[in-house]
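Each chain gets a letter, A, B and so on, in the order its sequence line appears, and its residues count up from 1.
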There are 2 protein chains.
Amino acid sequence: MRDAYIVGAGQSKYGAFPDESYRSLFATAYEEAMESAGGVEPGDVDEAVVGSLGVGGRQLGLSGPAVTEHVGLHGVPCSRIENACAASGYAVRQAVQAVKSGMADVALAGGYEVMTDMSGDVAKYWLGVSGETEWERLTGTTFSGVYAQMASSYLDTYDDASPDHFSKVAVKNHANGAKNPKAHLGFECSLDDARNAPVVADPLNLYHCCPTSDGAAAVIVASEDVASACDDAVRVAGVGAASERVGLFQRDDYTSIRSSAQAAETAYEMAGLGPDDVDFAEVHDCFAIAELMAYEDLGFCERGGAPELVDDGVTELGGDLPVNPSGGLKSKGHPIGATGAGQAVEAFKQLTGHADDRQVSDANVGLTHNVGGSGGAAVVHVLEGGVL
Amino acid sequence: MRDAYIVGAGQSKYGAFPDESYRSLFATAYEEAMESAGGVEPGDVDEAVVGSLGVGGRQLGLSGPAVTEHVGLHGVPCSRIENACAASGYAVRQAVQAVKSGMADVALAGGYEVMTDMSGDVAKYWLGVSGETEWERLTGTTFSGVYAQMASSYLDTYDDASPDHFSKVAVKNHANGAKNPKAHLGFECSLDDARNAPVVADPLNLYHCCPTSDGAAAVIVASEDVASACDDAVRVAGVGAASERVGLFQRDDYTSIRSSAQAAETAYEMAGLGPDDVDFAEVHDCFAIAELMAYEDLGFCERGGAPELVDDGVTELGGDLPVNPSGGLKSKGHPIGATGAGQAVEAFKQLTGHADDRQVSDANVGLTHNVGGSGGAAVVHVLEGGVL
C-alpha cells in the first residue's frame with residue numbers, strides 16, 4: 001500500500017455570498033489549493049472527487065463534472081460523493097484510495113455547498129434529507145432536535161456535565177474563529193453571550209448550533225514521488241470510516257457516535273498512532289454536544305470525561321490538545337459539502353506552519369473528524385507533517 | 001497495483017414495482033450477489049459504495065448508509081456516488097480502487113433507483129437535473145432532445161446512416177432482452193414496430209428510447225487472495241473514466257462522446273488489450289443513437305462505421321461481437337443508479353457461463369460502458385474471465 005500526501009489546500013471564505021455560485025466558490029478553493037501546491041500543475045490532476053449534498057436542488061446530477069469543467073479540468077474523471085455533512089471527508093478518503101491504488105498520482109478532493117439563499121424552512125428540508133426519512137424527517141424532527149436528544153441523554157448520564165459546557169465550547173471555537181479570516185462567524189463571544197442565547201431545541205441554544213454557510217474547500221492528494229518534489233507535504237498516515245444506523249431510534253446509546261469511534265480506531269491502527277500522539281484536531285462540532293462526544297469517541301479522554309477537558313482548557317488553542325483551531329463548524333461555518341475537505345485544509349495549514357495567528361505550537365500530528373447526519377457516516381484522517 | 005476481481009453479482013428484476021422501495025430492491029440485488037459469491041460472507045465486506053441519482057428526492061442524504069443498514073451491513077463504511085446515469089459504473093470503479101489501494105479486501109458496489117411512481121413531468125425534472133442546468137434544463141431541453149440533436153448530427157454527417165439503424169438496434173436489443181428474465185421490457189419487437197412507433201424527439205421515436213425503470217444491482221469486488229477461494233472470479237483487467245463538458249453546446253462534435261473514447265483508451269491501456277480482444281460488450285444505449293456512437297467510441301469500428309456493423313449483424317447475439325446481450329438499457333431497462341452495476345452483473349454472468357439462453361459463446365473478455373448525462377461522465381471496464 002503506497003503512501004499518500006496532501007500537497008496543497010485551499011478554501012473560499014465561509015459565509016453568506018449572494019453573488020457567488022457553487023462553481024465560483026469551488027473555483028476559489030481550487031485555485032488557492034493549486035497555488036499552494038508548488039510542484040503540481042493543473043495538467044497533473046488524474047482524478048477529482050467532490051462532495052456535496054446538493055442543497056437547494058442546484059445541479060443534483062453530474063455536479064462533479066460541472067465543477068471540474070468550470071475550473072478547466074476537462075476530461076479528468078470526476079464523481080460527486082455524498083454522505084450528508086461528511087461528503088467531502090469521504091471525498092478526501094476516496095482521493096487517498098485513488099492514489100494508494102496506483103490509478104492516480106495526483107487526485108483533487110473538494111466540496112462545496114450554497115445554503116444561505118433560501119428560507120429557514122427550505123434549508124430545514126434540505127438538511128432533513130440527511131436524516132432518517134420515515135421516523136425523523138417525516139415526523140418533523142430537525143437536526144437540532146436530534147442533537148438535542150443526544151445532549152439531553154448526555155446531561156442525564158453524566159452528573160458533571162451541564163449546558164455551561166456547551167457554552168464553553170462555543171466561546172472557545174469563536175475565540176479561534178476570530179483569528180481565522182476565512183471564518184463565517186469570525187467574532188468572539190463571551191460566556192454570558194453563549195449562556196443567554198435563545199433556545200433552539202432544549203437544551204441547545206443558538207450558540208450551541210453551527211450556522212448554515214456557503215463555501216468550498218479543496219485539497220490535492222499525491223503519491224510520494226510527486227510529493228517529494230512539492231514545497232509542502234503532509235502524510236495521510238491513517239484513514240478510517242464507518243457507518244451507523246441512520247435513525248437515532250435504532251441505537252442503544254445516545255451519548256456517543258459509534259461510527260466516530262470505529263472510524264478513529266481504524267485510522268489510529270493504520271497510522272500506528274494513538275490519541276496521545278495527536279497534537280490538535282478538527283472535529284465535527286455541528287452542535288456543541290457533538291464536540292464533547294467527539295473528545296470521547298476519538299479517545300482524547302474516557303467516557304464522561306469531556307466536561308473536565310473543557311473546564312481545564314485542554315482543548316483551547318494554548319492547551320495541551322487544541323480542538324478546532326479553525327473555529328470549527330460553530331465559528332468557521334458549515335457549508336455541508338465543503339466541511340470535511342475544509343478540515344483537511346486547516347490541518348494542512350497547521351502542519352505546514354501556515355496557520356498564522358491560530359498556529360498550534362509543535363503541531364506534528366493532526367486529526368480530522370467529519371460526521372454525516374447524526375452519525376450515519378463518519379470519517380477520520382490522521383495526518384502527519386514533517387515526514388518528507 | 002494489486003489485482004481486483006468480481007466474485008459475485010446480482011440484480012433485481014428491472015421494471016415498475018409499486019410495492020417495492022429502493023431499499024427492498026437493493027436488498028434483492030445484494031442477496032443474489034452474496035449468494036453467488038461462494039467463499040465470501042457478509043461479515044467479510046470492508047467497504048460499500050452505492051450509486052443513485054436520488055430520483056424523487058427520496059433519501060437524498062446518507063442513502064448509502066441507509067441501504068447498507070437495511071441489508072445488515074452495520075458499521076461498514078458506505079458512501080453514495082453520483083454521476084447521473086453513470087453513478088454505479090463509477091461505484092464499481094471506486095470499489096476496484098478500494099481493493100487495489102489495499103484498504104479493502106472485499107468491497108460491495110451497487111446502485112438503485114425508483115422512477116416509475118411519478119408522473120412523466122416529475123420524472124423529466126429528475127432526469128433533467130443531470131443535464132446542464134442553465135442552458136439545457138432551464139430552457140426546457142429534455143434528454144430525448146439532447147440525444148435527438150446528436151442523432152440529427154450523426155445522420156447529417158454520415159450518408160450511410162438512417163433512422164432504420166436506430167430501429168435495428170431496438171430490434172436486436174429487444175430480441176436479447178426477451179431472453180433475460182430480469183428485463184423490464186422483455187418482449188421482442190419487429191422492425192415494423194420499431195419503424196412505426198410514435199415520435200418522441202425527431203429523429204428518435206419511442207423504440208429508440210429506453211424506458212424509466214425501478215431496479216437495483218450489486219457486485220462484490222475482491223482481492224486476488226479472496227477471489228482465489230471463490231467459486232467464480234472475473235478479473236477487472238482495465239478501468240477507465242473521463243469527464244466531458246456537461247452541456248452539449250460546449251462541444252465541437254455531436255457525433256461522438258469524447259469521454260467514452262477517453263475512458264475506453266485508459267481501460268484498454270491498463271488491460272493491455274484492445275477492441276479486437278473484446279468478445280462482447282454491454283454499452284450505454286439510453287437512446288439508439290448512443291449505441292451507434294458507442295461502437296465507434298469504443299473502437300469496435302471506424303468513425304461512421306456503426307451502421308455497417310448493424311446491417312451486417314455483427315453485434316447481434318450470434319454475431320462476432322455481441323453488444324448488449326442483456327437487452328441493454330432499451331429492453332432490460334434503465335433504473336438510473338443501477339445501470340452501471342447492472343452491466344457488470346451481466347458481464348459477470350456471461351464470463352462465468354451463467355447467462356442461460358443469452359450466453360455469448362467463447363466469452364473470455366467483456367466490456368462495460370456506462371455514460372452519465374449526455375456524456376459529462378463515462379466509465380469503461382474491461383473484464384476477463386477464466387484467469388483464476
Participant: Under a 4.5 Å heavy-atom cutoff, which of B:Arg2, B:His70, B:Glu69, B:Arg137 has the most pairs with chain A?
Facilitator: B:Glu69

Participant: Is the backbone of B:Met103 close enough, under 3.5 Å, to the side chain of A:Gln97 for a donor and an acceptor to pair up by distance?
Facilitator: no

Participant: Please identify, among B:Glu132, B:Met270, B:Lys100, the residue contributing the most non-hydrogen atom pairs under 4.5 Å to chain A.
Facilitator: B:Lys100

Participant: Please identify, among B:Val246, B:Ile336, B:Leu73, the residue contributing the most non-hydrogen atom pairs under 4.5 Å to chain A.
Facilitator: B:Val246

Participant: Tell me whether the count of non-hydrogen atoms from other residues, nucleotides or ligands lying under 6.0 Å of CD in B:Gln250 goes above 12.
Facilitator: yes

Participant: Counting heavy-atom pairs under 4.5 Å with chain B, which one of A:Ala98, A:Ser259, A:Gly64 comes out on top?
Facilitator: A:Ala98

Participant: Shorter than 4.5 Å, heavy atoms on both sides: which option in A:Ala48, A:Cys78, A:Gly75, A:Ala378 has the most such pairs with chain B?
Facilitator: A:Gly75

Participant: Provide the closest heavy-atom pair for A:Pro77 versus B:Ala241 in the form atom of the first, atom of the second, distance.
Facilitator: CG-O, 3.4 Å

Participant: Which one of B:Arg245, B:Arg258, B:Glu244 satisfies the side chain to side chain contact (heavy atoms under 4.5 Å, CB included) criterion with A:His74?
Facilitator: B:Arg245

Participant: If you check every heavy atom in residues 79-87 of chain A against those of chain B, which residues fall under 4.5 Å?
Facilitator: A:Ser79, A:Arg80, A:Ile81, A:Glu82, A:Asn83, A:Ala84

Participant: Determine the minimum heavy-atom distance between B:Ala377 and A:Leu62, stating which atoms define it.
Facilitator: CB-CD2, 3.8 Å

Participant: Of all of B:Gly372, B:Ser243, B:Gly102, which one pairs up most often with chain A through heavy atoms under 4.5 Å apart?
Facilitator: B:Ser243

Participant: Which bit of A:Leu127 is near chain B, if near means a heavy-atom gap under 4.5 Å: side chain, backbone, both or neither?
Facilitator: neither

